[in-house]
Participant: 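Here you go, one structure.
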Amino acid sequence: MTTSTSRPSAPPADHRLDVGADLGSLKARFPLLAREIDGAPLHYLDSANTSQKPVDVIEAMDHFTTTSYAPINRSAYRLAAEATDAFEAARARVARFVNAGNPDEIVFTKNATEALNVVAQSWGGAHLGAGDVVLLTHMEHHANIVPWHIMATRQGIELRWIPLTTDGQLDLTDLDHLLDGAKVFAFSAMSNVLGTINPVADLCAAAHTAGALAVVDACQYVPHNVTDVQAWDADFAAFSSHKMCGPSGIGALWGRAELLDATPPFLGGGNMIADVRVDGYTPAPVPAKFEAGTPPIVEAIGFGAAVDFLNGVGMERVHAHERQLTAYALDTLTDRFGDEIRVHGPTNPTERGGMLSFEFRDLHPHDVSQVLDQRNVCVRAGHHCAKPLMRVLGAAATVRASWYLYNDRCDIDAMADALDSASDIFGLPTPRT
Ligand SMILES: Cc1ncc(COP(=O)(O)O)c(C=O)c1O
């Protein structure tokens, strides 16, 4: 649909990002990060969980809501056409961000979890049967495990697992054997616990050589790296807006057009049909086929604004900034705490993304996170929705600190200082320096 009337102008220019020079100044674009608690600044180190939102995204959503909000794909009046155009423009932006072949290969979902369920339950429901093999890895998030367990229960598929090396990499020694006869190889591009960045293109190639589909959980990868799903030669990829400066409530499934065409709908209802009769229905073409009901309209606008924002910064710069912080964090924690801190995952910062999961002395991760919170350092403690991995690590929980483009060395220093205070509070001797 197109509109012929004049449109409300875009948000004023001074709301737009000028990040030409200094990545450090980015913090100021995130209103929440200016917040103080008990008169002290906040150190938000939980972006692998969910990211903060720049003013650019907040105002794009606000602007759309106050000037252009209307139903999409349904009503014929101009305002509705305008909202539909904006929604589809957001889809096109997200598609370009991951270099999808065309915008219709992007399905808006509730989040990455729903995207992976569409693949497992809808594609898998139509194409997998008893005894068919799906290969997973021990570093998967529950979002890329439980949907396949559901399929194992429902359809009798067999799950195989790639083990890990001691430094938190995939142990690919038996890959060919594990892939032998597999129909699907589903793996994360980057671990949400270890930070390990996997060789996605190689894994996709191995899957295809074995005749399997390559399903990439790209939830931790897309927010922090230049992503090119075509260069990966993947078949499906899933990611979430809320981890990449966009709003919660929306995510994306990218799939090859012919695979999405061959996948039955996930949910039924309005918006996803071409026809409904008393004796059945005809689904709408992709992507509407997978977008039953009223979609997250304002959230899609925010998602589009988030990718504009990230493009404005430049994903190479985001990645380089995070890598520097990772190296700094590894050095700082090792220098200050030596053997008293056990960091999981690769020790080389070039092999991992912007997060560290660790155990500190004999303190329970929840205690550590509570003490850190008293210093306004926000980290996650727990199993990180990766219980099989936790069993491999021999830990019930870890502390995970994760950073993004808005973090700086002060945040890492604040965490290290707060770890010192944890030792004091629990009456432990000062760690060796
Ligand atoms: C690797 C990975 N996959 C999938 C998910 C699920 O994302 P969401 O909760 O947005 O669906 C997460 C969330 O932490 C994740 O880290």
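Values in this document were obtained by computation on a predicted structure and should not be read as measured data. When a ligand or atom number is given, it counts from 1 through the structure's own listing order. Heavy atoms only: backbone and side chains are in, while hydrogens, waters and symmetry mates are out.
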Participant: Verify whether one side chain among Q324 and R409 offers a donor that lies under 3.5 Å from an acceptor in the other.
Facilitator: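 The answer is no; no qualifying pair exists.
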Participant: Quick one, list the residues around ligand 1 where some non-hydrogen atom comes in under 4.0 Å, by chain and residue number.
Facilitator: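 Residue list for ligand 1: N111, A112, T113, H141, A143, N192, D217, C219, Q220, S240, H242, K243.
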Participant: I'd like to check the salt bridge (charged side-chain N to carboxylate O under 4.0 Å, His left out) partners of D233; sequence neighbours left out, ordered by chain and number.
Facilitator: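 Scan of D233 (salt bridge (charged side-chain N to carboxylate O under 4.0 Å, His left out), adjacent residues dropped) gives R256.
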Participant: Only one of F108, F303, Y69 forms a ring pair (Phe, Tyr, Trp, His ring centres under 6.0 Å) with F87, so which one is it?
Facilitator: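 When ring pair (Phe, Tyr, Trp, His ring centres under 6.0 Å) is applied between F87 and each of F108, F303, Y69, only F108 qualifies.
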Participant: Ring centres of W232 and Y221 under 6.0 Å apart?
Facilitator: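 Centroid separation for W232 and Y221: below 6.0 Å.
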Participant: Check R91 with E291, please: is the shortest side-chain N to carboxylate O separation under 4.0 Å?
Facilitator: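 Yes, charged N to carboxylate O under 4.0 Å.
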Participant: Quick one about R352 and T326 (side-chain donor to acceptor, distance below 3.5 Å, no hydrogens or angles considered), yes or no?
Facilitator: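 Looking only at side-chain atoms, R352 and T326 do not form any donor-acceptor pair under 3.5 Å.
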